[in-house]
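Some notes on the structure that comes next.
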Number of protein chains: 2
Amino acid sequence: MTSVRRLVYNVSMPDDSRPFERATLPQNAAGQLRQMIFDGALAPATRLNERVLCERLGISRTPLREALRMLAAEGLVRVEPNRGAIVAPIERADIEATFEVLGALEGLAGELACARIADAELAEIKALHFEMRAHHARGDRAAYFAANQAIHARIAAAGGNAVLAETFEKLNARVKRVRYAANLGHARWDKAIAEHDDMIAALSARDGRALRAILEAHLAGKRESVLAAFAAEHSAAAYD
Amino acid sequence: MTSVRRLVYNVSMPDDSRPFERATLPQNAAGQLRQMIFDGALAPATRLNERVLCERLGISRTPLREALRMLAAEGLVRVEPNRGAIVAPIERADIEATFEVLGALEGLAGELACARIADAELAEIKALHFEMRAHHARGDRAAYFAANQAIHARIAAAGGNAVLAETFEKLNARVKRVRYAANLGHARWDKAIAEHDDMIAALSARDGRALRAILEAHLAGKRESVLAAFAAEHSAAAYD
DNA sequence: CGGAATTTATTTGTATACCAAAACAACAAA
DNA sequence: TTTGTTGTTTTGGTATACAAATAAATTCCG
């Protein structure tokens, strides 16, 4: 049972600046569902029966439906009138399109980050980078994945553009599951690591132009590996 | 009473490809609220009292709350636990951040569009362009605005990247109200028109690099004029 | 026997009533 | 003016009911 380790590295998705963040039930439910979708407990195209989910989450229909609407607006779920919700299916085109946008967004973020990042934040990203390399050295994919995601989220955030960071997170969420599923081969993995080294170098040097190029290339590479894994999985297990 | 003319140019926001689109109440309500927010009937920071809105829209609380959640996920509304929803306030930083992202997105879209756009779609954009110039010549701001928005939406769509177009639309929606409020002076307006001419030229020539640069600059210009108007309005009517 | 028509069972969409807890407002007291 | 205190309103959530739409099961017919 490969239950992906719960994201260890906090990146403070919404502003958790307020003390004692009281979550409302729909927010909670949405969070749980998100997690289930990420680690595959809810596969794409799975019907989301309200009754069943209500029991499973221990809430009533009203907040559940609100949660589903939220997820729908995020693109993780699709609601069809009178037919209910399903986990949003991902197609090849979606992956391509999403990574294309992610590349542009993170490219911009990198450029901004080089101009604006504080030393402390840079240090933290470096620390994460070396932790990630440690996980890579040990071959611990889950931990590597989490650290990797954290780094990218922090770069997205380091641009100091909240809208950018938020948009990046939301889009990234849509492909997170396939990202993790893409168990990269050693060659690609090593290449990714090398690219990360370059990223850190460019960021340290505050070379925005370079970082943007690296990030765009990195995302493109990631896209290819994800697409490959996606294609493989789909030829192996043909549902239709 | 400046009630902005209802968007004349369809850009097919969500896929209205299916015939007889039955809308569910929450979707409907969300649409109406969106419109009210766009044309200022609901100003930023307005409390959205459930009871009142239920009456106004003629629906019950259940679907209304779902609609509010949807709008919240889109960033048009903010729901604070136990405190209800308000129309999302916009601050200077939000405008800057949003336009920064919009610039990157539309830049990418432009580049993609140059590579992929079909002649028919290019012709349509050209047609819209000249309509827009006509509105400009007559000084019809509302019509100009609508045509302008339509052009940008079509460019965003012409990249053939659905995720990109969708993301652009959603982010643009957040600043649409201030965009319209920014009643550009003649100088800026003429400049915008000139930039649009350049856009069309670059798109016709399929010069992706150039179009990207033009679009990024255009958005930056738009940002400045919006910021100026925003600042002016805020010094004039100081609420606090 | 296989497909079409029809009945039946589920499920969704929405409304309503109800309640607790939180927020807000009004007002008295220091 | 600030601080308590006390109603009042509003929100968050549950439970229930029911029509309409979908999906499933069943019957009917060629």
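Fair warning: this is a prediction, and the values are worked out from it, not measured in the lab. Lettering follows sequence order; numbering is per chain, from 1. Below, each value reflects all heavy atoms present in this structure, side chains not excepted, and no hydrogens, waters or symmetry copies.
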Note, [X] side chain near [Y] side chain (heavy atom, < 4.5 Å):
| X | Y | value |
| --- | --- | --- |
| I95(A) | R174(A) | no |
| L57(A) | L33(A) | yes |
| V163(B) | E96(A) | no |

Q) How far does CD of E100(A) sit from CD of E111(B), to the nearest 0.5 angstrom? A) 10.0 Å

Just how far, in rounded Å, is [atom2] of [N] from [atom1] of [X]?
| X | N | atom1 | atom2 | value |
| --- | --- | --- | --- | --- |
| L57(A) | dT14(D) | CG | C1' | 15 Å |
| I86(B) | dT10(D) | CD1 | C1' | 15 Å |
| R78(A) | dT12(C) | CZ | P | 16 Å |
| L64(B) | dG12(D) | CG | P | 11 Å |
| E80(A) | dA21(D) | CD | C1' | 14 Å |
| E50(A) | dG13(C) | CD | P | 6 Å |
| L25(B) | dA20(D) | CG | C1' | 13 Å |
| L68(B) | dG13(D) | CG | P | 14 Å |

If you only use heavy atoms from C-beta on, which nucleotide in [options] is closest to the side chain of [X]?
| X | options | value |
| --- | --- | --- |
| R61(A) | dC18(C), dA15(C), dT12(C) | dT12(C) |
| N49(B) | dT14(C), dT14(D), dT10(D) | dT10(D) |
| N82(B) | dC24(C), dT11(C), dA22(C) | dA22(C) |
| R51(A) | dT12(C), dG13(D), dA15(C) | dT12(C) |

Q: Using a heavy-atom cut-off of under 4.0 Å over every strand shown, decide if L48(B) touches base, sugar-phosphate, or nothing.
A: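 L48(B): backbone/sugar contact only, no base atoms under 4.0 Å.
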
Q. Contact class for T24(B) vs. all strands (heavy atom < 4.0 Å): base, sugar-phosphate, or nothing?
A. sugar-phosphate

Q | Of T62(A) and G84(B), the one whose closest DNA chain D nucleotide lies more 5' | A | G84(B)

Q. Minimum heavy-atom separation for T98(B) to D94(B), with atom names?
A. OG1-O, 2.6 Å

**Q.** Nearest-nucleotide 5' precedence on DNA chain C, R83(A) against S60(B)
**A.**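 Result of the comparison: R83(A).
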
Q: Verify the contact: side-chain N or O of R65(B) to OP1 or OP2 of dG12(D), cut-off strictly under 4.0 Å; return yes or no.
A: yes

